[in-house]
Amino acid sequence: MHAEMKPTIPKLPLFLKPFFVSLFFSFFLLTFLCLSRSPHHRKPTTGTPPPKKSSAGGESNDLRIRPGYASYETYIQHQLNKTLNPKLRAVWTTRDWERKVRVFSRFFQDLKQRHLLFNESKALSIGARVGQEVAALKLVGVSDSIGIDLVPRPPLVIKGDFHAQPFDNGTFDFEFSNVFDHALYPWKFVGEIERTLKPAGVCVLHVALSRRADKYSANDLFSVKPLVELFRESELFAVRKVDGFGLDTEVVFRKKKKKV
């Protein structure tokens, strides 16, 4: 019988060993960085909108996305045209400041009286621009408050896209926004609210139902029904009429508690 032949593995040339060692560690480092990517670098995605049906079973027209954006970058630039407008920013930070802080303070004080907002609440204002809402929250005693907007204005407002909030899951007890009409992807806007709210957390939206919003709006809302359909993890808590700088309806949702 022939003796069993054992395969031999050729040895790498000495000058190639550092190359393969470097390649191995580079691959390991790249994998680690990808897996540990910070939520502050979340990139917005379009997602898939939930099916919208009317009570008759057909398609609803109560929420319409405005056409005309060739890309997400085009939409962002359009929004920045308003946010970075020097004349508007000058108005927002001077003669508009005290008036808006005073009105928002009344809204938030009322929410405290209805036990929807507390001094201990960790609160977020979505689309806060120069920070009047955040200043109002702090004025009524909700000190742990912050705002997000495409353009930061420290210390009240940090940079953030409401289609991809830069926060961990379950961060906030309370979220407020009066810019729902600026959402190009309303299902992402709402999905991010529900992701970052704690169970039993409260979201308050001020929206326009009886009039069309301005040229910077990305959608038109004609009833509360689409909001109820979008808030899949929350329950509708209250709806009432308000006078909020051109917005006429306040809609309150409470995120459902997790089942044990």
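Owing to the predicted nature of the structure, the values given are computational and were not obtained by experimental measurement.
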Candidate pair Arg106 and Asp110, rule salt bridge (charged side-chain N to carboxylate O under 4.0 Å, His left out), full reasoning: CA-CA 6 Å; Arg106 288 203 298 265; Asp110 178 76; over 6 Å; no
Path from Val252 to Val224 over hydrophobic side-chain contacts below 4.5 Å: no
Side-chain heavy-atom pair Val251, Phe231 within 4.5 angstrom cut-off: no
Backbone of Gly147 reached by a side-chain donor or acceptor of Glu133 within 3.5 Å: no
In one Ile/Leu/Val/Met/Phe/Trp/Tyr side-chain cluster, 4.5 Å: Leu156, Val91: no
Partner residues of Asp248 under the side-chain hydrogen bond (donor to acceptor under 3.5 Å, both in side chains) criterion, sequence neighbours left out: Ser210
Any side-chain heavy-atom pair of Val103 and Phe245 under 4.5 Å: yes
CD on Gln132 to CH2 on Trp92, rounded to 0.5 Å: 8.5 Å
Atom pair CD (Glu120) and OG (Ser143), whose distance is rounded to the nearest 0.5 Å: 9.0 Å
Joint cluster assignment, Leu205 & Trp187, ILVMFWY side-chain distance < 4.5 Å: yes
Gap separating the CD1 atom of Ile146 from the NZ atom of Lys122, nearest 0.5 angstrom: 8.5 Å
Ser177 side chain to Ile126 backbone, donor-acceptor under 3.5 Å: yes
Non-hydrogen side-chain atoms of Thr249 and Val239 separated by less than 4.5 Å: yes
pair Arg232-Val190: side-chain heavy atoms closer than 4.5 Å: no
Asp149/Lys159 ion pair, N-O < 4.0 Å: no
Minimum heavy-atom distance between Trp97 and Ala135, given as atom pair plus value: CZ2-CB, 3.7 Å
Contact summary for Ala128 and Ser125, nearest pair of heavy atoms: CB-OG, 3.6 Å
Separation between CG of Leu221 and CG of Asp181, rounded to the nearest 0.5 Å: 9.0 Å
Side-chain donor or acceptor of Arg254 paired with backbone N/O of Glu235 under 3.5 Å: no
side-chain hydrogen bond (donor to acceptor under 3.5 Å, both in side chains) pairs, two or more places apart, involving residues 198-209: Asp173-Lys198, His206-Glu250
Same apolar cluster (I L V M F W Y, side chains within < 4.5 Å links), Val228/Val207: yes
Side chains of Ile193 and Phe172 in contact at under 4.5 Å (non-hydrogen atoms): no
Shortest non-hydrogen separation from Ala183 to Phe162 and the atoms involved: CA-CE1, 3.8 Å
Heavy-atom check, side chain of Tyr72 versus side chain of Leu184, under 4.5 Å: yes
Lys241, NZ: over 12 other non-hydrogen atoms inside 6.0 angstrom: yes
Criterion side chain to side chain donor-acceptor pair (under 3.5 Å) on Gln79 and His182, from CA distance to verdict: CA-CA 8 Å; Gln79 298 301 313; His182 288 263; 2.8 Å; yes
Ile148 with Val157, same ILVMFWY side-chain cluster at under 4.5 Å: no
Arg129 (side chain) donor-acceptor with Thr83 (main chain) under 3.5 angstrom: no
Residues which pass side-chain hydrogen bond (donor to acceptor under 3.5 Å, both in side chains) with Arg95, listed by chain and number, not counting sequence neighbours: none
Close side-chain approach of Phe237 to Phe253, heavy-atom, < 4.5 Å: no
Phe174: partners by ring pair (Phe, Tyr, Trp, His ring centres under 6.0 Å), with sequence neighbours left out: none
Stepwise ring pair (Phe, Tyr, Trp, His ring centres under 6.0 Å) check, Phe108 with Phe176: CA-CA 10 Å; Phe108 295 139; Phe176 171 81; 5.3 Å; yes
Contacts of Glu175 that satisfy side-chain hydrogen bond (donor to acceptor under 3.5 Å, both in side chains) - sequence neighbours left out: Gln165, Thr196
Minimum heavy-atom distance Asn61-Arg64, with the two atoms named: O-NE, 3.0 Å
Check: Pro186 and Ile65 side chains under 4.5 Å, non-hydrogen atoms: yes
Side-chain donor/acceptor of Arg153 to backbone N/O of Val130, under 3.5 Å: yes
Side-chain donor or acceptor of Arg195 paired with backbone N/O of Phe167 under 3.5 Å: yes
Closest contact, heavy atoms only, Ala208 versus Gly246: CB-O, 4.0 Å
side-chain hydrogen bond (donor to acceptor under 3.5 Å, both in side chains) partners for Gln77, two or more places apart: Asn81
Lys255 side chain vs Pro199 backbone, donor-acceptor pair below 3.5 Å: no
Under 3.5 Å donor-acceptor, Lys225 side chain and Leu63 backbone: no
Expected output: side-chain Asp168 to main-chain Thr171 donor-acceptor under 3.5 Å: no
Which atom of Glu192 lies closest to which atom of His163, heavy atoms considered: CG-O, 3.4 Å
Evaluation steps, side-chain contact (heavy atoms from CB on, under 4.5 Å), between Val204 and Leu111: CA-CA 9 Å; Val204 176; Leu111 291 168; 4.0 Å; yes
Asn219-Tyr185 side chain donor-acceptor pair, cut-off 3.5 Å: no
Leu137 side, atom CG; Asn119 side, atom CG - distance, nearest 0.5 Å: 11.0 Å
Atom pair CG (Leu124) and CG (Asp144), whose distance is rounded to the nearest 0.5 Å: 10.5 Å
